[in-house]
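See structure below.
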Amino acid sequence: MDIRELLMKDIMIMDLEADTKAGVIDEMVHHYYEKGIIDDEELYKKDILAREEENSTGMGDGIAIPHAHDAAVKKPAVMFARSVKGVDYDSLDGQPAHLFFMIAAPEGGDNTHLQALAALSQVLLDPAVVSSLNDADTPDKVQAIFSEAVGKKQAENEAQEKAEKQQDKAAVASDKPYIVAVTACPNGIAHTYMAEDNLKKAAEKLGVNIKVETNGSEGTKHKLSADEIDRAEGVVIAADKKVSMGRFDGKKLTSKAVTAAIKDPEALINSILNDEAGTYHATGSESSDDSVDTGDSGWSGIYRQLMNGVSHMLPFVIGGGILMAISFIVENYAGGDKSLAFIFLNNAGNMAFAFMVPVLAAYIAESIADQPALMPGFAGGFMATVYTGAYGGAYTANVMTDAKSAGGFLGGLAAGFIAGYFMKWLEKSCAKLPQSVAGMKSMLIYPIVGLLVIALIMFFIVNPIFSTINVWITNFLNHLGTGNSVILCLLLAGMMSIDMGGPFNKAAYVFAAGAFANDPNSHQAAMLMAAVMVGGMVPPFATAIATLGWKNKFTKQERQAGVTNWILGFSFITEGAIPFATADPGHVIPSSVIGSAVAGAIVGALKVGVPAPHGGFWVAPLATNIWGYFLAVIVGSIVAGVILGLWKKEVKAAK
């Protein structure tokens with residue numbers, strides 16, 4: 001199937017009405033639904049937005065390519081839409097987008113149409129094509145431009161394929177430096193190929209021979225041979241998903257996100273040419289599915305590993321915690337603890353909550369030592385929640401058991417890191433086993449030795465130590481006076497605004513979530529959850545207030561974002577304030593921290609508790625002091641918004 005067949009005239013929008021990113025997506029998705037391309041508007045939009053969360057499909061140069069591979073798609077299509085005035089689409093170059101191509105690929109679609117979709121990004125790399133599309137005012141003109149461009153590109157590709165074969169031969173005898181690269185993104189439709197093209201252009205400019213392997217939706221293309229890797233001076237990895245890494249053992253290697261190759265490909269190539277890249281060393285377990293080496297080390301590596309566990313844990317925390325909280329409302333207002341609704345909701349929530357710590361530990365371990373560490377990590381985390389340990393009683397394999405001396409949340413954290421680093425050591429130790437027994441590693445050695453060692457460590461060391469720590473923390477929280485409660489809630493809430501999703505924010509949230517996980521029925525734990533919740537809601541509300549009250553101090557795009565932040569603040573999505581903090585950290589961050597701290601202090605003073613780990617105002621009915629909850633957020637947001645509005649300098653020519 002050709003891209004020209006997918007780009008149908010009757011689904012084009014020649015002048016979009018929307019003037020925001022969210023509006024563009026809504027308008028285009030609804031147009032697809034009206035034209036019968038999709039049969040489930042909400043499902044398709046959900047997957048489009050999920051793709052945008054990974055990284056923006058605003059490619060720069062005025063182009064955006066939102067896309068989804070979705071069960072709602074009835075037939076493959078590409079919708080062309082144009083915005084004459086331009087839309088702030090969070091593009092890589094920060095410039096407004098004018099040309100939009102929304103790709104609809106049916107779930108289970110074959111490689112034929114995926115190859116056609118990949119061709120779209122290649123065609124759009126021609127500035128002449130982009131210029132012509134900006135001037136086109138009818139669907140017929142758009143199709144004519146693409147018909148000519150695709151035909152030209154196909155001819156170029158055929159010629160390039162022949163030339164590459166000649167270049168591969170000539171590169172052996174050439175005096176030019178020779179490097180190899182791999183590009184890959186999770187969806188593999190646009191970013192993968194734009195990164196490839198930009199790396200090639202940069203290499204030509206720098207006088208370098210390069211071969212780029214692409215890991216896209218149509219599979220692996222231009223696969224690097226062992227001889228090519230051996231001849232290369234170094235390797236550039238521009239990927240957001242797992243690629244084959246073991247083959248690069250001993251090579252100079254630089255690894256970045258795929259967007260780095262789109263934004264600044266010369267920097268990646270120069271890191272190899274200037275000997276700035278480190279030497280990559282594969283471990284014994286690394287094979288065709290190993291993870292990209294991110295280059296993280298020390299605290300940055302530990303933070304990345306922790307966040308891998310936290311990101312997988314959060315659905316269990318949020319789903320289980322909120323169902324448990326709803327069950328308490330049912331208990332109070334609809335039949336008590338004997339009602340079927342309460343029993344069902346409470347059991348469902350408890351079951352999900354019970355797996356929170358095992359999942360956390362499993363994915364911390366997996367991020368360190370990949371698949372072999374997953375099972376030992378999960379088992380260690382499970383033991384931290386239900387295994388009392390050598391000095392505290394018997395083992396009970398029941399996820400509903402309230403273990404009195406388990407390691408708990410902190411023990412699960414320890415289990416994840418211990419399992420991960422032990423399995424990493426074990427993999428290296430087994431790297432030199434004879435080939436005849438190498439197959440036993442994954443089936444026998446790793447699972448048996450890994451489980452045995454982590455069980456011994458949890459039983460004799462981790463659970464006894466962390467059960468004592470948990471008892472101390474619980475007693476400390478339960479005996480906090482009002483003054484100490486205010487200080488603790490103030491600190492946690494303020495931390496939520498320091499980096500709005502970064503290490504400080506996550507540390508505060510993990511601390512509160514850990515206390516809540518150890519004792520979901522504790523009012524003190526619910527109070528800590530309320531503190532981090534209000535602390536995270538203040539920044540988006542504050543920016544919304546400031547953009548409304550001091551319009552002359554914000555750009556048009558910022559004022560538009562401010563409107564959106566009313567909804568984001570309501571939903572406890574702190575990240576809505578990040579664009580403001582990035583543009584003006586010196587004013588936005590201090591204002592937000594002050595407002596969040598004020599909100600947290602109110603929570604501590606009024607003993608506000610929210611027995612749910614997420615949800616913002618959506619879970620306000622669960623609050624033990626609902627008016628105190630509203631008051632904390634409102635006062636904190638006004639304080640932060642007014643400080644920001646008064647403090648921030650006026651933007652010249654703000655329109």
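If you're wondering where the values come from, they're calculated on a predicted model, not measured in any experiment.
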If I take atom [atom1] from residue [X] and atom [atom2] from residue [Y], how far apart are they, to the nearest 0.5 angstrom?
| X | Y | atom1 | atom2 | answer |
| --- | --- | --- | --- | --- |
| Ile37 | Met79 | CD1 | CE | 8.0 Å |
| Asp61 | His98 | CG | NE2 | 11.0 Å |
| Glu52 | Ile48 | CD | CD1 | 7.0 Å |
| Tyr363 | Met313 | OH | CE | 13.5 Å |
| Ser592 | Leu644 | OG | CG | 7.0 Å |
| Phe101 | Met12 | CZ | CE | 8.5 Å |

Show your reasoning for whether side-chain contact (heavy atoms from CB on, under 4.5 Å) applies to Leu16 and Met28.
CA-CA 9 Å; Leu16 284 163; Met28 295 183 75; 4.2 Å; yes
For residues [X] and [Y], determine if any side-chain heavy atom of one lies less than 4.5 Å from a side-chain heavy atom of the other.
| X | Y | answer |
| --- | --- | --- |
| His67 | Arg51 | yes |
| Asp370 | Glu366 | yes |
| Phe554 | Gln560 | no |
| Glu41 | His30 | yes |
| Ile237 | Val235 | yes |
| Leu253 | Ser255 | yes |
| Tyr89 | Phe100 | yes |
| Asn565 | Phe580 | yes |

Taking NZ, NE, NH1 and NH2 as the nitrogens, is one of them in [X] or [Y] under 4.0 Å from a carboxylate oxygen of the other?
| X | Y | value |
| --- | --- | --- |
| Lys200 | Glu204 | no |
| Asp90 | Lys21 | yes |
| Lys141 | Asp137 | yes |
| Lys648 | Asp584 | yes |
| Glu228 | Arg247 | no |
| Lys35 | Asp10 | no |

Under a 3.5 Å distance rule, please check whether [X] uses its side chain to pair with a backbone N or O of [Y] as donor and acceptor.
| X | Y | value |
| --- | --- | --- |
| Thr574 | Gly536 | yes |
| Asp230 | Ala226 | no |
| Glu558 | Thr555 | yes |
| Asp264 | Ala260 | no |
| Lys251 | Ala232 | yes |
| Ser56 | Gly58 | yes |
| Ser571 | Leu568 | no |

Over all atoms of both residues, closest heavy-atom pair of [X] and [Y]:
| X | Y | result |
| --- | --- | --- |
| Ala202 | Ile269 | CB-CD1, 3.9 Å |
| Asn198 | Ile262 | ND2-O, 3.0 Å |
| Tyr32 | Ala77 | OH-O, 3.2 Å |
| Leu273 | Val208 | CD1-CG2, 3.7 Å |
| Met14 | Arg82 | O-NE, 3.2 Å |
| Thr183 | Leu199 | CG2-CD1, 3.8 Å |

Determine whether more than 12 heavy atoms belonging to other residues, nucleotides or ligands lie under 6.0 Å from atom NZ of Lys85.
yes
Using a cut-off of 6.0 Å, state whether more than 12 heavy atoms not belonging to Ile567 lie near its atom CD1.
no
With side-chain contact (heavy atoms from CB on, under 4.5 Å) as the criterion, how do Gln143 and Phe146 come out once you've worked through the C-alpha distance, each side chain's angles and the decisive distance to 0.1 Å?
CA-CA 5 Å; Gln143 275 202 333; Phe146 262 93; 5.9 Å; no
Set out, in order, the CA-CA distance, both residues' side-chain angles and the distance that settles side-chain contact (heavy atoms from CB on, under 4.5 Å) for Val130 and Ile63, then state yes or no.
CA-CA 8 Å; Val130 175; Ile63 300 167; 3.5 Å; yes
Which word best sums up how the rings of Phe617 and Phe570 line up, parallel for under 30°, tilted for 30 to 60°, or perpendicular for over 60°?
perpendicular
Parallel, tilted or perpendicular, judged at 30° and 60°: which one describes the rings of His587 and Trp647?
perpendicular
Please report the C-alpha distance between Ile545 and Trp566 in whole Å, then the side-chain angles of each, then the deciding distance to 0.1 Å, and finally whether the side-chain contact (heavy atoms from CB on, under 4.5 Å) criterion is met.
CA-CA 9 Å; Ile545 290 170; Trp566 290 108; 3.7 Å; yes
Would you please indicate yes or no on a ring centroid separation below 6.0 angstrom for Phe248 and Tyr280?
no
Between the side chains of Glu27 and His31, does any donor sit under 3.5 Å from an acceptor?
no
